[in-house]
2 protein chains.
Amino acid sequence: MTQVRKRKPPPTPRQAAARDGPIDALLKPEFFKAFSHPTRVSLIACVAKCGRGCSVGEIAECCSVDFSVVSRHLALLARSGVLEAKKHGRTVFYTVRYAELCRSLRVLADALEQCCPEKGGTCGGKSC
Amino acid sequence: MTQVRKRKPPPTPRQAAARDGPIDALLKPEFFKAFSHPTRVSLIACVAKCGRGCSVGEIAECCSVDFSVVSRHLALLARSGVLEAKKHGRTVFYTVRYAELCRSLRVLADALEQCCPEKGGTCGGKSC
DNA sequence: TCTATACTTGCATTATGACGCAAGTACGCA
DNA sequence: TGCGTACTTGCGTCATAATGCAAGTATAGA
């Protein structure tokens with residue numbers, strides 16, 4: 001191998017898809033599904049902007065849907081890791097999981113950037 | 001006003017929700033809906049890992065659904081700004097919009113962090 | 001101009017998700 | 001132990017989305 005090492009040719013999409021990379025683990029549909037519905041997004045924004053733990057009843061006052069619907073959306077958001085639920089007596093306080101959320105978003109951004117050929121992504125190799 | 005300026009008490013969720021903040025503009029359900037379906041996610045990962053423009057036919061080889069389904073998902077991904085479509089003759093090449101995607105994710109992470117009380121988020125004020 | 005290729009679109013079917021109501025559970029307090 | 005509050009869960013209905021087939025459009029090349 002005396003030849004100068006050149007960038008490998010990009011793989012076919014089929015080859016690329018078969019290879020497991022960082023973004024496969026990061027692109028979780030369940031996570032993004034949390035943010036994919038207007039009602040849920042407004043609940044997240046409500047809790048985030050409030051900046052403290054909010055009860056289901058308080059949050060339900062912010063939107064026009066039924067209390068039970070809010071309860072279900074909040075439970076889903078907690079399951080998908082966007083919110084955290086803490087029970088105090090009869091009341092459940094929801095807070096945004098800021099640290100985990102920000103980390104997830106940034107890690108995904110980094111992983112995507114690694115795929116970008118213009119940013120030195122070695123997609124012909126194995127970084128993605 | 002000779003009193004020492006103290007952190008304002010957090011607003012009620014209702015007050016917080018009524019106030020418009022950066023994250024309201026950033027949490028677009030349509031954007032996240034793109035990532036909320038397993039088939040779409042695998043298409044995105046396929047194109048990203050491939051690292052070059054991929055045709056609909058090539059991408060369709062990577063997953064088990066019908067060609068027409070792939071075509072529709074790709075069109076949706078292009079509409080929501082995740083992919084870019086470029087037509088060369090009869091062939092449409094899809095690429096990941098790395099820069100815009102990474103930027104969106106990081107801006108959102110920053111905005112969320114601004115809401116976090118522990119990170120100095122002034123949610124009792126008007127940053128969120 | 002004809003044909004093959006590459007993709008899109010219309011349509012019917014099926015699956016999933018959102019919603020509201022009502023009933024149920026959990027918990028604090030008298 | 002009984003009652004009220006805070007929330008969850010079961011269920012039926014409706015809306016949206018996903019899917020596959022078949023037909024349609026666009027374009028390159030013979």
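From a predicted model like this one, the values you see are computed outputs, not experimental measurements. The chains referred to below are lettered A, B, ... by the order of the sequence lines, with proteins before strands, and numbering in each begins at 1. Hydrogens, waters and symmetry mates play no part in the numbers below; they use all other heavy atoms, side chains included.
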Practice item. Name the orientation class of the two ring planes belonging to B/Phe93 and B/His88 (parallel below 30°, tilted from 30 to 60°, perpendicular beyond 60°). Key: perpendicular
Exercise for review: Could you tell me whether a side-chain N or O of A/Arg40 sits under 3.5 Å from a main-chain N or O of A/Leu76, the two making a donor and an acceptor?
Suggested key: no
Practice item. Tell me what B/Tyr94 touches on the nucleic acid: a base, only sugar-phosphate, or nothing, going by heavy atoms under 4.0 Å. Key: sugar-phosphate
Exercise for review: Describe the nucleic acid contact of B/Thr91 in one word from base, sugar-phosphate, nothing, applying a heavy-atom distance below 4.0 Å.
Suggested key: sugar-phosphate
Revision key, fill the gap. Residue pair A/Lys87/A/Ser68 against DNA chain C: nearer the 5' end by closest nucleotide is A/Ser68
Practice item. Look only at the side chain of A/Tyr94 and the backbone of A/Ile44, and say whether a donor-acceptor pair between them is shorter than 3.5 Å. Key: no
Practice item. May I ask you to decide if B/Ala17's main-chain N or O and A/Lys49's side chain share a donor-acceptor pair within less than 3.5 Å? Key: yes
Exercise for review: Go along nucleotides 11-18 of chain D 5' to 3' and tag each nucleotide: B for a protein heavy atom under 4.0 Å from its base, S when only backbone or sugar atoms are that close, - otherwise.
Suggested key: B-----SS
Review point. At what distance, to the nearest 0.5 angstrom, does CZ of B/Phe32 lie from CG of B/Leu27?
Key: 5.5 Å
**Study point:** Whichever of A/Arg90 and A/Gly57 has its nearest DNA chain D nucleotide further upstream toward 5'
**Key:** A/Arg90
Point to revise | Main-chain N/O of B/Phe67 paired to B/Ser71 side chain as donor or acceptor, under 3.5 Å | key: no
Check your understanding: Closest approach of A/Ala45 and B/Ile23, non-hydrogen atoms and distance?
Key -> CA-CD1, 3.7 Å
Exercise for review: State, with a plain yes or no, whether a side-chain heavy atom of B/Arg106 is found less than 4.5 Å away from one of A/Leu108.
Suggested key: no
Practice item. Identify the 5'-most and 3'-most nucleotides of DNA chain C with at least one atom closer than 4.0 Å to a non-hydrogen atom of chain B. Key: C/dA4 to C/dC11
